[in-house]
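See below for the structure under consideration.
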Amino acid sequence: MLAIKDLHVNVAGKPILKGLNLTINPGEVHAVMGPNGAGKSTLGNVLSGREGYEVIKGSVEFNGQDLLALSPQERALAGVFLAFQYPVEIPGVNNTYFLRAAVNNLLKSRGEAEIDAVDFMTLVQEKLKLLHMDKKFLNRGVNEGFSGGEKKRNEVLQMLLLEPKLGILDETDSGLDIDALQMVAKGVNHLRDSARSFIVITHYQRLLNYIVPDYVHVLAEGKIVKSGAKELALELEEKGYGWLEEQA
Amino acid sequence: MSVLAQNNFQWPHRRFERWKYTDLKSYFGHVNFEAVHSGGPAQAVNISPENAISVIFINGQLANRDYESMLPAGLSITPLSEILGTAPERVAAYRKAHAIDDTLHPMVGINESLAKEGLWIECDKAVVLKHPIHIIYQAEHDSFGFHNLNHCIQMAESSKLSVIESVQSGDNRQLFNTVTSVSIGKGASLQHISLSMPDTQANHIAGLHLWQGQDSKSYSFNVSCGASLARYDTHAQLQSVGATAEFDGVSILSGSRHVDHHSIAEHQADHTVSREYYKMIADDKAHGVFNGKAIVNAGTHGVDVHQLSRNLLLSSKAAIDTKPELEIYSDDLKANHGATVGQLDANELFYLQSRGFSKQQAQAILTRAFLADVLLKVPDPSIKEWLEGLVADAMDVHFASHQGVQ
């Protein structure tokens with residue numbers, strides 16, 4: 001599904017990713033862990049097409065397409081979804097309007113009929129229930145005045161509605177209490193199936209108790225320095241990242 | 001000899017401080033305008049909110065009289081030409097009692113000389129008009145046409161009126177110069193909406209002059225999304241205790257449009273209040289100007305002034321000049337003002353794109369959101385809804401015509 005080969009990325013002229021390789025097959029969940037400054041968020045941003053991330057070398061293939069040649073919109077419509085580490089507040093844009101417009105955009109791009117307001121409300125209420133979110137969030141501006149946990153749940157709500165092929169969670173666990181963490185995990189686990197893949201970027205092992213990965217990778221100094229099964233996360237929790245950074 | 005020369009008229013130009021961004025001499029000084037009082041399109045355009053009482057002026061002439069049957073007792077609307085014919089002294093007396101300073105408002109004198117038509121509206125004590133009076137301007141002329149209309153509205157104590165003025169047709173050779181003077185009696189309330197529709201290019205110079213009595217209220221809202229050049233002067237004289245004036249508005253500027261919004265709130269009495277909230281967006285090579293001035297007279301107490309001008313630039317070639325101004329001669333007051341000029345937030349744009357919106361869609365969504373809160377302030381719900389629809393359509397047209405432009 002996703003093949004990242006020898007990816008080198010500069011941010012403001014400074015090399016951040018320095019030859020990253022990662023292959024993800026359909027249905028797999030890959031955790032990417034690492035110390036601060038290793039390039040974890042850069043990976044999420046470069047995959048979703050944020051400006052300011054300069055690809056120097058390497059390639060990213062997504063379901064047979066050159067992902068790096070696509071605009072952020074085209075990537076989203078092709079099925080890449082980034083759950084932001086810091087979801088943006090957009091005052092004045094109603095959350096329901098935003099969510100429905102996003103779903104309809106996707107349906108339109110596939111040549112399918114748009115969803116009407118009534119059917120959409122039924123759909124969104126089902127997803128809200130799953131995340132234990134109050135209906136009142138629908139009538140507010142997008143993320144406007146939401147707490148950290150509410151913003152992250154709103155990210156997962158969007159993911160549940162847009163049903164991406166590849167979900168990238170960029171430190172979705174940061175700043176979350178245990179209840180919110182469980183809700184986020186529940187949403188992700190609900191979407192897991194044999195065709196859909198996830199990259200779970202995290203600093204801590206804690207989230208991986210709830211979203212159990214198939215593989216764990218350690219990103220340090222812009223490269224993956226170690227890969228293993230889910231047990232690697234526990235080892236990192238115990239030993240920290242220092243011993244791997246030395247190897248890198 | 002042109003009609004302007006006959007009247008010894010001089011266009012205001014950049015050496016007048018209040019006209020420095022809107023140098024009418026350079027725009028129109030070389031043009032041989034004809035004062036237009038006839039002709040025009042046979043078919044009237046009328047885009048109105050529901051239940052509006054429309055009064056249509058085509059090439060400066062009153063085109064309908066059917067509004068007469070829709071007026072409640074105690075409210076009269078008479079063509080200015082009739083009053084000028086039968087009782088010109090009444091017009092003269094009104095203008096004398098409500099004299100407009102020609103040094104501040106140099107387009108008023110020529111208007112009073114040339115305007116043959118307009119509305120003379122008298123609203124008796126405690127008369128409340130439920131539906132808005134909609135004054136519609138249209139022009140069609142095969143040369144440069146100068147269209148002057150003059151309205152005098154007298155509102156007695158505790159009366160309530162809603163008035164809309166809109167330019168609905170005319171090419172960019174047409175210049176409307178309109179003056180609306182309203183005396184708002186004790187406890188009376190006026191809502192005034194001024195509009196240039198998206199599909200007109202006619203130039204519009206509009207003066208709104210408010211004379212406010214004790215505890216009276218005025219609310220004015222300006223939507224400019226059409227005119228090639230527009231200049232709005234709103235001037236409220238808060239003459240008695242407790243008078244309140246609110247000026248809000250939005251301008252949507254594209255192409256090479258130029259819109260200049262000047263306002264003055266003159267606080268002449270205690271506990272008078274003025275509020276101003278104005279938003280502009282400018283794309284392409286458009287130019288927006290905002291100047292909001294509050295004058296607080298010496299010896300007044302408890303005056304309350306608030307001004308905010310917020311602006312959004314969508315193109316590096318667009319420009320906005322904004323200046324909130326306070327001229328204060330009293331030390332017992334509450335005043336604050338602010339102005340911002342910014343661009344769309346890159347993080348917000350990317351957030352929307354990452355959810356499958358195109359860059360143009362994202363810009364349109366964020367620009368609409370930027371304008372949303374000021375539109376919410378329009379007091380009359382049906383007019384608010386109507387204006388929201390007009391602004392949304394104008395934005396759709398704008399962003400549709402900018403598809404693919406980065």
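Below, each value reflects all heavy atoms present in this structure, side chains not excepted, and no hydrogens, waters or symmetry copies. Each chain gets a letter, A, B and so on, in the order its sequence line appears, and its residues count up from 1.
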* **Between B:Arg257 and B:Ser251, a side-chain donor and acceptor under 3.5 Å** => no

* For the candidates B:Ala369, B:Ala346, B:Gly356, which exhibits the highest count of non-hydrogen atom pairs separated by less than 4.5 Å from chain A? -> B:Gly356

* Asked: In this structure, are over 12 heavy atoms from other groups packed under 6.0 Å from A:Lys127 atom NZ?
  -> yes

* Asked: Within residues 129-137 of chain A, which positions have a heavy-atom distance to chain B below 4.5 Å?
  -> none

* Asked: Going by residue number, which parts of residues 142-171 of chain A are within reach of chain B, meaning a heavy-atom gap below 4.5 Å?
  -> A:Val142, A:Asn143, A:Glu155, A:Gln158, A:Leu162

* Asked: What are the residues of residues 87-122 of chain A, in order of number, with any heavy atom under 4.5 angstrom from a heavy atom of chain B?
  -> A:Pro87, A:Val88, A:Glu89, A:Ile90, A:Pro91, A:Gly92, A:Val93, A:Tyr97, A:Phe98, A:Ala101, A:Ala102, A:Asn105

* What part of B:Asp373 lies closer than 4.5 angstrom to a heavy atom of chain A: side chain, backbone, both or neither? -> neither

* If you check every heavy atom in residues 37-63 of chain A against those of chain B, which residues fall under 4.5 Å? -> A:Ser48, A:Gly49, A:Arg50, A:Glu51

* **CZ on A:Arg192 to OG on A:Ser197, rounded to 0.5 Å** => 10.0 Å

* Asked: Any side-chain donor paired with an acceptor under 3.5 Å for B:Ser309 and B:Asn311?
  -> yes

* Does a side-chain heavy-atom distance below 4.5 Å link B:His258 with B:Val289? -> yes

* Count the heavy atoms of every other residue, nucleotide or ligand shown that sit under 6.0 Å from NZ of B:Lys377, and state whether that count exceeds 12. => yes

* Asked: B:Glu246 versus B:Tyr277: any side-chain heavy-atom pair under 4.5 Å?
  -> no

* **More than 12 heavy atoms from other groups under 6.0 Å of NZ on B:Lys285** => no

* Asked: Side chains of B:His287 and B:Asp321: do they bring a donor and an acceptor to under 3.5 Å?
  -> yes

* Should B:Met395 and B:Ile281 be marked as a side-chain contact (heavy atoms from CB on, under 4.5 Å) after you check the CA-CA gap, both sets of side-chain angles, and the distance that decides it? -> CA-CA 10 Å; B:Met395 303 279 294; B:Ile281 62 167; 3.9 Å; yes

* **Check: B:Glu325/B:Asn291 side-chain N/O donor and acceptor closer than 3.5 Å** => yes

